[in-house]
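First the structure, in the form of C-alpha cells, and then the observations on it.
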Amino acid sequence: MTITPVGHISGTHRTGGLEGITAKQISEILGFKPNVQDDPDKVVNSWAGESDGKLFAIWDYKGSQKYNRFSVWGDTATLDRIFGSVFISER
C-alpha cells in the first residue's frame with residue numbers, strides 16, 4: 001500500500017472518525033506530517049493524502065486532538081485499511 005500526501009484538498013464533510021490515536025501516530029502511519037492549511041480557529045492538524053487512487057482527509061476540530069479524536073473524509077475501505085480498529089465509519 002502506497003500513501004502519498006496531496007496538499008490541495010481538505011475534508012468537505014465528515015464521513016467517519018479516528019478514535020484513540022494521536023496526531024503523532026497519524027503522521028507515523030501516513031509517513032508525513034500535517035500538510036493542509038486549514039481554518040486556524042478550528043483546526044490544528046490537517047492531512048490530505050491518496051492511497052491506491054483514493055483521496056482522503058483527516059483533521060482535528062475544535063480541540064478534538066486533546067481527546068485523541070479526529071474527523072475523516074474519504075473512501076471507507078481505504079481508511080479502514082490504513083487505520084484498522086481506530087477507524088469508525090459513519091456511512
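Residue numbers run from 1 in the order of the sequence given. None of these values were measured; they are calculated from a predicted model.
- Put simply, Phe83 and Met1 are part of the same group of oily side chains (I, L, V, M, F, W, Y) that touch within less than 4.5 Å, one to the next.
- The two atoms that bring Ile26 and Ile21 nearest to each other are CG1-CD1, 3.8 Å, heavy atoms only.
- Taking OG1 from Thr76 and CD from Glu90, the interatomic distance works out to 10.0 Å, rounded to the nearest 0.5 Å.
- Between Thr15 and Gly74, the shortest heavy-atom contact is OG1-N, 3.3 Å.
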- request: Verify side-chain contact (heavy atoms from CB on, under 4.5 Å) between Phe32 and Ile3, making sure each step is shown before the conclusion.
  value: CA-CA 9 Å; Phe32 56 91; Ile3 302 170; 3.9 Å; yes
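- When all heavy atoms are compared, the tightest approach of Ala23 to Phe70 is N-CZ, 3.6 Å.
- Partners of Asp80 under the side chain to side chain donor-acceptor pair (under 3.5 Å) rule, at least two apart in sequence or in another chain, do not exist in this structure.
- Between Gly17 and Val72 the shortest heavy-atom distance is N-CG2, 3.5 Å.
- Nearest heavy atoms, Ser27 versus Lys33: OG-CA, 3.6 Å.
- To the nearest 0.5 Å, atom CZ of residue Phe56 and atom CD1 of residue Ile82 are 4.5 Å apart.
- Looking only at distances, a side-chain donor or acceptor of Glu50 sits under 3.5 Å from a matching main-chain atom of Gly53.
- The OG1 atom of Thr78 lies 6.0 Å from the NZ atom of Lys54; values are rounded to the nearest 0.5 Å.
- Distance check: Ser71 OG to Trp59 CH2 gives 5.0 Å after rounding to the nearest 0.5 Å.
- Here the side chains of Trp73 and His13 are in contact, with some heavy-atom distance below 4.5 Å.
- Distance alone, capped at 3.5 Å, is enough to place a donor-acceptor pair between the Asn35 side chain and the Ala48 backbone.
- Remark: Ser64 pairs with no residue by the side chain to side chain donor-acceptor pair (under 3.5 Å) rule, at least two apart or across chains.
- Annotation: the span from Asp52 atom CG to Arg81 atom CZ amounts to 4.5 Å, rounded to 0.5 Å.
- Applying the side-chain contact (heavy atoms from CB on, under 4.5 Å) test between Ile58 and each of Leu30, Ile29, Val36, Asn45 identifies Leu30 as the sole match.
- Proximity of Glu19 to Val86: side-chain heavy atoms (C-beta onward) are nowhere separated by under 4.5 Å.
- Taking the charged nitrogens against the carboxylate oxygens, Asp60 and Lys42 have no contact shorter than 4.0 Å, which rules out a salt bridge.
- Nearest heavy-atom pair across Asp38 and Ser46 is OD2-OG, 3.2 Å.
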